[in-house]
There are 2 protein chains.
Amino acid sequence: MTATDTPPLPPALQDLLPADLRPACTYLKSKRGDRLFTLRKKPQRMFYVASGEVVLQRVGVQGDSLVLQRVRQGFVAEASLQSAHYHCDAVVTSPADLIAIPIEPLRQALVTDPAFAMRWIAMLNQELKRLRLQCERLSLRGVADRLLHLIETEGERGRLPLRAGLKSVAAELGVSHEALYRTVAELEKQQVLQRAEGELRIL
Amino acid sequence: MTATDTPPLPPALQDLLPADLRPACTYLKSKRGDRLFTLRKKPQRMFYVASGEVVLQRVGVQGDSLVLQRVRQGFVAEASLQSAHYHCDAVVTSPADLIAIPIEPLRQALVTDPAFAMRWIAMLNQELKRLRLQCERLSLRGVADRLLHLIETEGERGRLPLRAGLKSVAAELGVSHEALYRTVAELEKQQVLQRAEGELRIL
DNA sequence: CGTACTTTTGAATCGCATCAAATCTGGTGG
DNA sequence: CCACCAGATTTGATGCGATTCAAAAGTACG
């Protein structure tokens, strides 16, 4: 995990954070296996994942590894804002670009800057919305149902851009990539779906 | 949907809301089929579900009904705090006790009362945490895996109270109740789990 | 004591995971 | 430019686990 020079903040953060907090952010490039924090440590920084993947995990009652969150884009463990210490480990599972925001200044800014607090709340609301959709999606039984639900909720008027290939979509849907490929093929044959120019479209 | 006299607020709300907002809350008893709000309407009140079930839904691209959220306990559509109008319908699917908080005063309180804003943020963080766990849980393949994950994350030191019977647990896990009954029986036989006194316990 | 709901067990079926293998792709280095 | 490799895509075959349909037994409650 190495700090780099300061490339520009991602737009999402640029628009969210108040001006005086932005210079306090630091950039990190991390590689597979790095740990952003570990159990019981005191939160010092809030991490934002710009690319790659970070997993939150802890050991279960039976000593097994338990995944709590998988972040590919967005904040890691927002709740660390109020926690005295972490309840899990954060492990980098795919080389990631990260932005770290110092916690205490962040908390101060939220208390003293109502407009920022409202933006922060709006951000959390969006995140909640997304997660609720994902829960509903994952509780659908068929692969086709999940895929269509994804396109209808994450897509734009029935069109979903495929940034990272169907395989990563399969992971997001919680199905094997084979099943997804077959389902897409089947839906295309049924004229329900069309795959072209890096996007899926409902007909 | 009828307004009632004012029973005490649920503790969760009592502790969350500032004193001057609490009297503005109203109570509703709603029955199956009632609608809390509908598409394109302007949000006037924020709803909190104390019991029963409310579903957020909208019609999909193909005219099919699309479930966005299922609330049995907690706020409905927190994002309405910032939205100019609803993007879905809220339908009562099981007779519910509701508390309604007027939106504008709520928004004002968040802007003017930093301590309240921080409590609100903490509440959203908790909700995010819960939902992330649920997503991870739903992406597990086996019924046993999901059940153990539930007990390890929602339970207290390997013990999960069964408030509403195993059947509702099955719904939460996204599996048929038959499958869950069988799995519990199997895990008991394997001495992994014990079911007694209205709770499940990992051995 | 009857009605509604949960719990439980059984049997048949089906969809998806899994394992395997072939093809295709973009990117790298010789 | 080509050989080569890693990863994505695709198709096939097999088996398991969960759904589904059915039905019986248990339980709460008016």
Side-chain angles (χ1 to χ4, degrees), chain A residues 31-32 51-53 67 72 93-96 134-150 160-190 192-201, chain B residues 31-33 51-53 67 72 93-96 134-151 160-190 192-201:
Chain A
K31 54 185 193 307
R32 189 179 162 80
S51 74
E53 185 181 87
V67 173
R72 306 174 80 93
T93 50
S94 171
Q134 197 179 348
C135 283
E136 288 301 329
R137 193 177 304 136
L138 289 174
S139 61
L140 296 177
R141 326 215 160 274
V143 175
D145 288 338
R146 292 193 191 177
L147 177 59
L148 293 176
H149 187 284
L150 180 72
L160 181 80
L162 296 174
R163 308 183 191 296
L166 271 190
K167 203 176 175 183
S168 72
V169 173
E172 188 175 348
L173 292 180
V175 301
S176 68
H177 62 276
E178 295 98 324
L180 183 59
Y181 284 123
R182 282 189 255 259
T183 301
V184 169
E186 179 63 21
L187 288 176
E188 279 191 298
K189 194 162 55 176
Q190 293 175 7
V192 177
L193 203 66
Q194 189 188 350
R195 184 181 179 187
E197 300 151 30
E199 70 170 28
L200 289 177
R201 189 180 316 176
Chain B
K31 54 184 192 307
R32 191 179 161 79
S51 74
E53 184 182 87
V67 173
R72 305 173 81 93
T93 50
S94 172
Q134 197 178 348
C135 282
E136 290 301 331
R137 194 177 304 137
L138 289 173
S139 62
L140 296 177
R141 326 220 160 271
V143 175
D145 288 337
R146 291 193 191 177
L147 177 59
L148 294 176
H149 186 284
L150 180 73
I151 298 174
L160 183 78
L162 297 173
R163 309 180 191 295
L166 272 189
K167 202 176 174 184
S168 71
V169 174
E172 186 175 348
L173 292 180
V175 302
S176 68
H177 63 276
E178 295 98 324
L180 183 60
Y181 284 123
R182 281 189 256 258
T183 302
V184 169
E186 180 63 23
L187 289 176
E188 280 192 296
K189 194 162 54 175
Q190 295 175 6
V192 177
L193 202 66
Q194 188 188 349
R195 184 181 178 188
E197 300 152 29
E199 70 171 27
L200 290 176
R201 187 181 316 178

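First the proteins, then the strands, lettered A, B, ... as listed; each starts at 1. Fair warning: this is a prediction, and the values are worked out from it, not measured in the lab. Just the heavy atoms: all of them, side chains too, but no hydrogens, waters or symmetry mates, feed the values below.
Qualifying side-chain hydrogen bond (donor to acceptor under 3.5 Å, both in side chains) partners for Arg146(A), counting only residues two or more places apart in sequence or in other chains: none. In this structure, the side-chain hydrogen bond (donor to acceptor under 3.5 Å, both in side chains) partners of Glu199(A), at least two apart in sequence or on a different chain, are Arg159(A), Arg201(A).
Scanning DNA chain C 5' to 3' for nucleotides with an atom closer than 4.0 angstrom to a non-hydrogen atom of chain A gives a first and last hit of dC16(C) to dA20(C).
Taking atom CG of Leu162(A) as the reference point, atom P of dA8(D) lies 14 Å away to the nearest angstrom. Counting to the nearest Å, the C1' atom of dT10(D) and the NZ atom of Lys189(A) are 14 Å from each other. Per the geometry, CG belonging to Leu138(B) stands 14 Å off P belonging to dA18(D), to the nearest Å. Between Lys167(A) atom NZ and dA6(D) atom P there is a gap of 14 Å when expressed in whole angstrom units. The distance between atom CG of Leu166(A) and atom C1' of dG7(D), rounded to the nearest whole Å, is 14 Å. Here dC16(D) presents its P atom at 15 Å from CD of Glu186(B), a figure rounded to the nearest Å.
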Show which side-chain atoms of residues 174-187 of chain B pair as donor or acceptor with protein atoms under 3.5 Å away, not counting sequence neighbours.
residue   : atom : partner   : partner atom : Å
Ser176(B) : OG   : Ala179(B) : N            : 3.2
Thr183(B) : OG1  : Ala179(B) : O            : 2.8
Glu186(B) : OE2  : Gln190(B) : NE2          : 2.8

**Report entry** Residue pair Leu140(A), Leu148(A): steps toward the side-chain contact (heavy atoms from CB on, under 4.5 Å) verdict
**Finding:** CA-CA 11 Å; Leu140(A) 296 177; Leu148(A) 293 176; over 6 Å; no
Report task. Would you sort out whether Arg137(A) and Leu138(B) count as a side-chain contact (heavy atoms from CB on, under 4.5 Å), showing the intermediate values? Result -> CA-CA 9 Å; Arg137(A) 193 177 304 136; Leu138(B) 289 173; over 6 Å; no
Query - Stepwise side-chain contact (heavy atoms from CB on, under 4.5 Å) check, Asp145(B) with His149(B) - result: CA-CA 6 Å; Asp145(B) 288 337; His149(B) 186 284; over 6 Å; no
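Pairing each heavy atom of Arg72(B) with each of Glu53(B), the nearest pair is NH1-OE2, 2.6 Å. Among all heavy-atom pairs drawn from Leu173(B) and Leu147(B), the shortest one is CD1-CA, 4.0 Å.
Axis orientation changes by 50° from one end of the helix from dC1(C)-dG30(D) to dG30(C)-dC1(D) to the other, with each end axis drawn from 5 pairs and the value rounded to 10°.
Mapping Val143(A) and Ser168(B) onto DNA chain C by nearest heavy atom places Ser168(B) closer to the 5' end of the strand.
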Query raised in the report: Which letter, B, S or -, goes with each nucleotide of nucleotides 20-30 of chain D from 5' to 3', with contact meaning a protein heavy atom under 4.0 Å?
Result: BBB--------
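Using a 4.0 Å heavy-atom criterion, one finds that Arg195(A) contacts the sugar-phosphate atoms exclusively.
Using a 4.5 Å heavy-atom threshold, the side chains of Arg195(A) and Leu162(A) count as touching.
A distance of 10.0 Å separates SG in Cys135(B) from CD in Glu172(A), rounded to the nearest 0.5 Å.
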